[in-house]
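Heads up, the thing below is written out as structure tokens.
So that the names make sense, note that chain A is the first sequence line, chain B the second, and so on, each numbered from 1.
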Protein chains: 2
Amino acid sequence: MATSTVENYLKATLLHEQECDGIVPMGALVEALGVVPGTVTTMVKAMATQGLLEHESRQGVRLTPIGRALALGVLRKHRLVETFLVQTLKMDWSEVHEEAEALEHAVSNRVLERIDEFLGRPTADPHGDPIPDATGTIADTAAQVTLQGSAINKALRVTRILDQTPDFLAYVQETGLKPGAWVKVVRRDETSGVVHCEMKTGQKITLGLPVAAKIVVGALV
Amino acid sequence: MATSTVENYLKATLLHEQECDGIVPMGALVEALGVVPGTVTTMVKAMATQGLLEHESRQGVRLTPIGRALALGVLRKHRLVETFLVQTLKMDWSEVHEEAEALEHAVSNRVLERIDEFLGRPTADPHGDPIPDATGTIADTAAQVTLQGSAINKALRVTRILDQTPDFLAYVQETGLKPGAWVKVVRRDETSGVVHCEMKTGQKITLGLPVAAKIVVGALV
DNA sequence: AAATGTATTTTGATTAGTCAAAATGCAAGT
DNA sequence: ACTTGCATTTTGACTAATCAAAATACATTT
Ligand SMILES: [Mn+2]
Ligand SMILES: [Mn+2]
Ligand SMILES: [Mn+2]
Ligand SMILES: [Mn+2]
């Protein structure tokens, strides 16, 4: 059985393979896991001999099919637990990530199945991140539209927050731009680099373009 | 912060201090934790220098106030989690102990408080074991009556199962002698060593005296 | 082509927890 | 008092995960 350290390395690798097209640099793992570079090298080599990932020296790592399956399982636990903590136990969505970081290693598949059923098989967590199903299939989110590139004057719904730092989550909470919220882009000005939005309440919000790119939106259900 | 290994040692010590009047022999910990004797000696010495317990050489260990407070916290987590798994997630009461054994180390006090509130501050877990409150106070259960010594022909309620081995829990499940069940002792025969009981359904059950001593009963609410 | 800077790897050490097997202490039984 | 038996401790070794600091490789700049 994989230790929780190994599970953390696998999940971190999975979460970075998109933006690094396949091969995740060691530095990304150093950053994600909060350890020194030498530690990552050592761990990665051990995990490579276990068949969980491939290590290209001086390049980075790639998940093997076995490693990816395990990583998806951990991610599923993480996101289902987050959903459960928010929906059932009414915890603040800004504090659940930290809790899930520990619980993802302690929840068995038996318990997970009960949670999944209890929640009605949700497909996204409180931040709008897709939840892999029990077979490890995860919705493709490559083509998602953000407030940076969405249609103008059309009713939209916030579906996902891409920046999950505590500060940004607090800002989203404050403005009400949370997943599920109704929003409309009134005007987008590339020159000044801002996006003017309006909420259901009539409240107006102005965002810089890079910030707008962190709010994923979709059709109104 | 105490590691989960340390938490397990503390909880095991707490669970044995009654029956060993204070000083818990090393062998009890060997048994409870499934490690070799030398390992217990090493761990216990380390924990003693940390002020979590006192080690009387060749005698055993005693919890310090700090150690007891931590142990009660772990026990509280264990029992609240068990209760939650049974009541909310509808898991089988015979499988929750194992799950709680892992979750007790991963659930934070923040999450625990939510679970406690969600469940309505229960005072006993699915096996009838008392749940310590948030201050570490636990109900005294020294004077509990079992089917071995209870009144005859009086309506009683099962309140606790003292033997929690999988086999015995399965037996209890099968006969319906679970906590909450209505039961009456029809006849107790010390000579033949058996107790004749009757359930609400009219079903009759005969138990040996040592087995009857494992079923705690109380007044009908 | 040489120099620089940064990412990565190597080396040596540390901590927590564990086992195997030998040594030791102690309570009982003879 | 001597022996036996068992619980406990000691000793030496091992694994997983980590850090500090030195060494190395490689891409970029000069
Ligand atoms: Mn984690
Ligand atoms: Mn999330
Ligand atoms: Mn445990
Ligand atoms: Mn219990």
Exercise. How do A:M26 and B:V35 order along DNA chain C: which one's closest nucleotide is nearer the 5' end?
Worked result: A:M26
For this session: Look at A:D133 together with A:R76 and state whether they make a salt bridge at an N to O cut-off of under 4.0 Å.
Result: no
Seminar exercise, completed: Looking only at C:dT8, D:dA17, D:dT9, the nucleotide nearest the A:P25 side chain is C:dT8
Seminar exercise, completed: Among the nucleotides D:dA25, D:dA16, D:dT9, whichever has the atom closest to the side chain of A:R58 is D:dA25
Problem set entry | Between C1' of D:dT9 and CD of B:Q59, the distance in whole Å | 14 Å
Exercise. Would you find more than 12 non-hydrogen atoms of other residues, nucleotides or ligands less than 6.0 Å from A:L119 atom CG?
Worked result: yes
Exercise. Given atom OH of B:Y9 and atom C1' of C:dT18, what is their separation to the nearest angstrom?
Worked result: 8 Å
Exercise. Tell me: NZ of B:K45 to P of D:dT8, nearest whole Å?
Worked result: 14 Å
Exercise. Is the count of non-hydrogen atoms from other residues, nucleotides or ligands lying under 6.0 Å from A:E113 atom CD greater than 12?
Worked result: yes
For this session: Identify whether any heavy atom of A:T5 sits under 4.0 Å from a base atom; if not, whether one sits that close to sugar-phosphate; answer base, sugar-phosphate or nothing.
Result: sugar-phosphate
For this session: Between B:P37 and A:V36, name the one whose nearest nucleotide on DNA chain D is closer to the 5' end.
Result: B:P37
Exercise. Within less than 4.0 Å of OP1 or OP2 of C:dT9, is there a side-chain N or O belonging to A:H55?
Worked result: yes
For this session: Please state how far atom CE in A:M47 lies from atom P in D:dA16, giving the value in whole angstrom units.
Result: 13 Å
Problem set entry | Lys/Arg N to Asp/Glu carboxylate O, B:R114 vs A:E99, below 4.0 Å | no
Exercise. Distance check: side-chain N/O of B:T39 vs OP1/OP2 of C:dG17, anything under 4.0 Å?
Worked result: no
Problem set entry | Minimum heavy-atom distance B:A12-B:H16, with the two atoms named | O-ND1, 2.8 Å
Exercise. Quick one: is B:S57 getting a side-chain N or O under 4.0 Å of the D:dT9 phosphate, OP1 or OP2?
Worked result: yes
Exercise. So what does A:T42 hit on the nucleic acid, given a heavy-atom distance under 4.0 Å: a base, only sugar-phosphate, or nothing?
Worked result: base
Exercise. How many Å lie between NE2 on A:H105 and C1' on D:dA16, as a whole number?
Worked result: 15 Å
For this session: Indicate, with a heavy-atom threshold strictly under 4.0 Å, whether A:G27 touches base, sugar-phosphate, or nothing.
Result: sugar-phosphate
For this session: Kindly point out which of D:dA17, C:dT18, D:dT9 is positioned nearest to the side chain of A:V6?
Result: D:dA17
